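Counting starts at 1 for both ligands and their atoms, following the listed order. What you see is a predicted model, and the numbers here were worked out from it, not measured in a lab. Scope of the values below: all heavy atoms of this structure, side chains included, with no hydrogens, waters or symmetry mates.
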Amino acid sequence: MKKVKVMSVIGTRPEGIKMVPVIKALQNDPMIESVFVNTGQHKDQLDQVLNLFSVTPDYDLGIMKNKPNLEQIIATILIELSKILDKEKPDIVLVHGDTATTLAGAQAAFFRQIPVGHVEAGLRTFEKYSPFPEEMNRQVVGKYTTLHFAATEANKRNLLAEMVKEDEIFVVGNTVIDALIDVSSKKLEIPPHIKSIIDSPYRTILLTTHRRENLEELNDVYKAVNHLIKEYNDIQIVFPIHKNPAVRSIVSSSLHKNSRIHLLEPLDYYVFSQVMNCSHFIITDSGGIQEEAPALKKPVLVARKSTERIEGVNAGTLKLVGTNTEAIIKESKKLLNDSSYYQSFFQNKNPYGDGKTSEKIVSVIKNYFSS
Ligand code: UDP
């Protein structure tokens, strides 16, 4: 039988974390010819992930060289990727999630009438600007897609509601669990300044904030952090700050200076997974962390108006608190003061799968092309 040629197109750190397990599974399958294109949308942060898992792109578009805006990013990917598609002629293009790379990658494939496989399909808030622009990116990519790899039944229901055909949807779990299992098995060196944070006797609250639509309210989130650090002398805040200069400027004007607030550069995935592991709970507006935390049994306060990870909320591991200062303080205090409330966050099993999602995706692709 002829090998199936699968081209994976990714460009950001979260896509890297969640697609490296798929790319490795594709590369290890004798019936697949894998081509991996890195658009370079998050150059440094994605390179860290690729180095950690020893995966090398076949093509690197390096699109961020001239500090492009969103429109230029999408236009450049469309133009450059189309040339590679003409040369490689893949049977299917795999994209992941909801970034500019996802949108342009799917569109370039669609223009060549090449089937698109969408990993992490069916996540929806059904609110056009939340998260922005990710919600519309994933809805549009859903229209181009032939094989929808949904993480959960709820994601499948979202796709069915948009009239996607049932036999094009595959509930396979989330590859983030595959990545987490892989990274947890590694024994690597941790930088001394992080090691001393992890080993300290303080209870750790891990904080990450980066959503564009949250920028105006970040000040309120940081006010809650200032309050908590003052009230509890047995806690520390670990905050790897997103590279976005707008986030950095609000951090420096809003967060108080305190030796128990550790402001850090973004951590590489191995180190970050160790910090998640040692944390008492997490306050975040990230999507991926909402999926990882249930597997690590860490409560998460979600600092967003809405979440598409509704399974985590239903399982009790996520609590949607929004960005209101009082709400964040109230929930944090409950988690710090009440151990039975704390325990109630992880009574159910992790809704995102068993770490075999990548294998399932590869097997669906092979079946599709053999039938
Ligand atoms: N992450 C990381 N280092 C950090 C912060 C996050 O490796 O300093 C990982 C995290 O474990 C998760 C992913 O990056 O797998 C989430 O990325 P992000 O929050 O930037 O994006 P989102 O998931 O919201 O798209």
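- Of the heavy atoms in Arg13, only side-chain atoms (C-beta onward) come closer than 4.0 Å to ligand 1.
- Nearest residue to atom 8 (O) of ligand 1 from Asp98, Ile289, Leu267, Val271 is Leu267 (criterion: closest heavy atom).
- Proximity of Thr208 to ligand 1 is not established, as no heavy-atom distance is less than 4.0 Å.
- In terms of N/O distances under 3.5 Å, ligand 1 is approached by Glu292.
- Among protein heavy atoms, the minimum distance from atom 18 (P) of ligand 1 is reached at His210 CE1, 3.7 Å.
- The closest approach between any non-hydrogen atom of Gln290 and ligand 1 is not below 4.0 Å.
- Checked against side-chain hydrogen bond (donor to acceptor under 3.5 Å, both in side chains), Asp86 has the following partners two or more places apart in sequence or in another chain: Arg112.
- Phe239 has its ring centre less than 6.0 Å from the ring centre of Tyr222.
- Looking only at heavy atoms of the protein, atom 16 (C) of ligand 1 is closest to Ser286 OG, 3.7 Å.
- Counting heavy-atom neighbours within 6.0 Å of Asp199 CG, excluding the residue itself, gives a total above 12.
- Here the NZ atom belonging to Lys156 is positioned 13.5 Å from the CZ atom belonging to Phe149, to the nearest 0.5 angstrom.
- Not one N or O of Lys18 is nearer than 3.5 Å to an N or O of ligand 1, by distance alone.
- At least one heavy atom of Met276 sits less than 4.0 Å from an atom of ligand 1.
- The shortest N/O to N/O separation between Arg211 and ligand 1 falls below 3.5 Å.
- If you check which protein heavy atom lies closest to atom 24 (O) of ligand 1, you get Gly287 N, 2.7 Å.
- Of all protein heavy atoms, the one closest to atom 23 (O) of ligand 1 is Gly288 N, 2.6 Å.
- Residue-ligand proximity, Pro266 to ligand 1, at heavy-atom distances under 4.0 Å covers atoms 8 (O).
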